[in-house]
*Asks:* 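Please see the structure below; I have some questions.
To find a chain, count down the sequence lines: A is the first, B the second, and so on, and within it residues start at 1.
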Number of protein chains: 2
Amino acid sequence: MSLRHAMLGLLADRPASGYDLMKRFETSLSNVWPATQSQVYGELGKLAKSGLLKVAAEGPRGRKEYAITEEGLVELRRWLTETEPERVRRSDAMLRVFFLNLLTPLEAVAYLSTEAGRAAERHAALEELEGVVDWGDDPLSVNGRLALEYGLRFSAMYEEWARWAAEQIEGQPHTGRAG
Amino acid sequence: MSLRHAMLGLLADRPASGYDLMKRFETSLSNVWPATQSQVYGELGKLAKSGLLKVAAEGPRGRKEYAITEEGLVELRRWLTETEPERVRRSDAMLRVFFLNLLTPLEAVAYLSTEAGRAAERHAALEELEGVVDWGDDPLSVNGRLALEYGLRFSAMYEEWARWAAEQIEGQPHTGRAG
DNA sequence: TTTTGATATGTCAGAGTTGGAATGTCGGTT
DNA sequence: AACCGACATTCCAACTCTGACATATCAAAA
């Protein structure tokens with residue numbers, strides 16, 4: 001469960017309320033770890049209870065500002081240095097590839113071309129983002145930049161792969177299995 | 001929820017029992033959609049109840065062989081052609097990248113180098129697999145080959161990115177934030 | 001003064017996922 | 001005859017995730 005660590009990581013930068021955290025999830029982490037309100041508030045309570053966070057200040061409207069504790073920092077560093085990222089990641093998109101033979105070659109090629117197009121769009125959106133964001137030397141944005149570069153490389157790779165795969169199918173004798 | 005569709009897809013190839021299905025998950029789909037016994041058997045029941053599968057035969061040891069129904073095939077094709085793959089995928093590995101500034105540059109570089117190494121290992125394992133598997137013209141393996149190529153490209157891209165990211169950190173002035 | 005919109009915190013039901021335990025059968029070997 | 005390994009299913013507890021719902025405050029505009 002990495003939601004816990006995503007939250008600790010954000011709070012290591014600076015304290016925040018649940019609401020603040022949600023906004024930070026949306027702007028910086030949404031592409032690698034989306035989270036919903038119910039998750040964030042729920043986890044905030046659990047983390048405070050277990051001592052990894054503490055309520056640092058209370059404000060208007062019942063606002064509670066949470067700060068990471070020494071214990072939380074230790075846990076966060078432990079996670080970063082001593083645990084391995086999950087090896088297998090589910091991929092809806094790749095799952096479909098296994099079953100492409102259930103479609104006509106035409107349909108399969110259409111699917112792959114659409115995927116290639118979507119990857120190109122994502123790539124363009126990330127390039128756009130790169131131009132817009134203020135890449136100061138604030139540590140979070142240094143790292144954000146590494147992640148952005150990953151996104152750019154990933155979407156480029158995916159687009160190329162999808163176009164290649166479409167070609168494979170086009171150049172293949174029909175088996176007449178579907179359609 | 002794609003477990004449902006993964007199972008329909010496997011059964012579209014040929015009928016199978018829960019036990020058979022588990023083996024097929026382990027050998028072919030484990031890299032894109034892992035599943036546990038409890039999930040498979042549970043879903044098998046639900047799918048049969050809703051008419052997308054039927055019990056085609058019963059064998060020794062209470063074995064029930066499930067086959068996809070016409071309705072199931074329709075649903076599978078609908079999923080393939082009319083629904084979009086999920087856009088955002090959680091990535092444990094990228095999440096860590098955002099918080100690399102909490103480590104010393106040395107530790108961060110070590111993390112990225114380890115990741116590069118793991119990617120290289122995965123790449124080698126997939127190359128190995130490519131050599132071993134009998135790539136006949138059985139439709140599932142045609143598609144499996146497309147997925148394998150994706151895996152090869154992905155791991156190569158990831159390794160390069162991780163090495164590049166490590167260089168970025170090495171070439172960066174220290175801020176003394178951690179360590 | 002009323003209303004609206006942004007701020008702010010929370011609960012709930014339902015679905016999905018994990019990992020393990022419990023149970024039993026069949027075929028072949030010792 | 002006893003045993004083992006492969007076959008085969010079912011149930012369970014705990015946890016995570018999603019999406020919707022409920023509630024309330026504050027500032028500023030209408």
Side-chain angles (χ1 to χ4, degrees), chain A residues 1-8 10-11 15-27 29-50 53 55-66 79 83-84 86-92 95, chain B residues 1-8 10-11 15-27 29-50 52-53 55-67 79 83-84 86-92 95:
Chain A
M1 223 275 291
S2 296
L3 171 64
R4 181 188 272 76
H5 297 109
M7 289 173 57
L8 287 174
L10 287 175
L11 290 170
S17 68
Y19 189 82
D20 296 339
L21 233 33
M22 274 310 297
K23 279 190 297 186
R24 289 215 240 158
F25 263 99
E26 275 155 27
T27 56
L29 251 44
S30 61
N31 290 307
V32 301
W33 207 276
T36 61
Q37 253 192 4
S38 25
Q39 270 183 295
V40 167
Y41 282 107
E43 199 61 35
L44 232 28
K46 286 186 214 163
L47 285 170
K49 206 170 154 188
S50 69
L53 296 182
V55 177
E58 307 210 11
R61 285 173 269 224
R63 173 194 171 96
K64 270 174 281 185
E65 198 173 70
Y66 290 88
W79 172 68
T83 67
E84 271 191 38
E86 262 175 61
R87 349 99 224 115
V88 255
R89 27 188 339 126
R90 296 203 156 88
S91 166
D92 200 350
L95 184 58
Chain B
M1 222 275 290
S2 296
L3 171 65
R4 181 188 271 78
H5 298 108
M7 290 174 56
L8 287 174
L10 286 175
L11 290 170
S17 68
Y19 190 83
D20 297 339
L21 232 33
M22 274 311 296
K23 279 190 297 187
R24 290 217 240 158
F25 263 99
E26 275 155 28
T27 55
L29 250 43
S30 60
N31 290 306
V32 302
W33 207 276
T36 60
Q37 253 191 5
S38 19
Q39 269 184 294
V40 168
Y41 280 105
E43 199 62 35
L44 231 28
K46 285 187 214 164
L47 285 170
K49 206 170 155 189
S50 70
L52 302 184
L53 297 181
V55 177
E58 308 210 10
R61 288 173 266 227
R63 173 192 172 95
K64 271 174 279 185
E65 197 173 71
Y66 291 88
W79 173 70
T83 68
E84 270 191 38
E86 261 174 59
R87 349 105 225 105
V88 253
R89 39 217 301 154
R90 295 203 156 89
S91 166
D92 201 348
L95 183 58

*Asks:* Expressed as a whole number of angstroms, how long is the span from B/Q39:CD to D/dA8:P?
*Replies:* 21 Å
*Asks:* Could you state the CG-C1' distance from B/L21 to D/dA8, rounded to the nearest angstrom?
*Replies:* 13 Å
*Asks:* Please check if the side chain of A/R24 supplies one atom and the backbone of A/L10 the other of a donor-acceptor pair under 3.5 Å.
*Replies:*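 Yes, because the side chain of A/R24 sits within donor-acceptor range (under 3.5 Å) of the backbone of A/L10.
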*Asks:* How far apart are the closest heavy atoms of A/Y66 and A/L11, and which atoms are they?
*Replies:* O-CD2, 3.5 Å
*Asks:* What is the separation between atom CG on A/D20 and atom P on C/dT7, rounded to the nearest whole Å?
*Replies:*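 In whole Å, C/dT7 P lies 10 Å from A/D20 CG.
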*Asks:* Mapping B/R90 and B/K64 onto DNA chain D by nearest heavy atom, which one lands closer to the 5' end?
*Replies:*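 Whichever sits nearer the 5' end wins; that is B/K64.
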*Asks:* Please report the distance, rounded to the nearest Å, between CZ in A/R4 and P in D/dT16.
*Replies:*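 About 6 Å, once rounded to whole Å.
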*Asks:* Is the side chain of A/S30 donor-acceptor paired with the backbone N or O of A/T27 at a distance under 3.5 Å, no angle test?
*Replies:* no
*Asks:* When you measure from the side-chain N and O atoms of A/K46 to the phosphate of C/dG10, is any distance below 4.0 Å, counting only OP1 and OP2?
*Replies:* no
*Asks:* What pair of heavy atoms forms the shortest contact from B/V55 to B/K64, and how long is it?
*Replies:* CG1-CG, 4.0 Å
*Asks:* Provide, to the nearest angstrom, the distance between the CD atom belonging to A/E26 and the P atom belonging to C/dA8.
*Replies:*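 The distance from CD of A/E26 to P of C/dA8 comes to 14 Å, rounded to the nearest Å.
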*Asks:* Rounding to an integer number of Å, can you tell me how far B/Y66 OH sits from D/dA8 P?
*Replies:*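 In whole Å, D/dA8 P lies 13 Å from B/Y66 OH.
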*Asks:* Return yes if some donor-acceptor pair links the side-chain N/O of B/Y41 with the main-chain N/O of B/Y19 below 3.5 Å, else return no.
*Replies:* yes
*Asks:* Less than 3.5 Å between a donor and an acceptor, one on the side chain of A/S38 and one on the base of D/dG19, is that the case here?
*Replies:*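 Such a pair exists between side chain and base.
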*Asks:* In whole angstrom, what separates A/E43's CD from C/dG10's C1'?
*Replies:* 15 Å
*Asks:* Which whole-number value in Å describes the distance from A/H5 NE2 to D/dT16 C1'?
*Replies:*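 Whole-Å distance recorded here is 15 Å.
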*Asks:* Below the 4.0 Å mark, does C/dG24 have OP1 or OP2 next to a side-chain nitrogen or oxygen of B/R61?
*Replies:*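 False: B/R61 side-chain N/O out of range (4.0 Å or more) of C/dG24 OP1/OP2.
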*Asks:* Is the phosphate of C/dT9 approached by A/Y41 (side-chain N or O, under 4.0 Å from OP1 or OP2)?
*Replies:* yes
*Asks:* Considering every strand and a 4.0 Å limit on heavy-atom distances, what is the contact class for A/K23: base, sugar-phosphate, or nothing?
*Replies:*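 Here A/K23 touches no strand at all.
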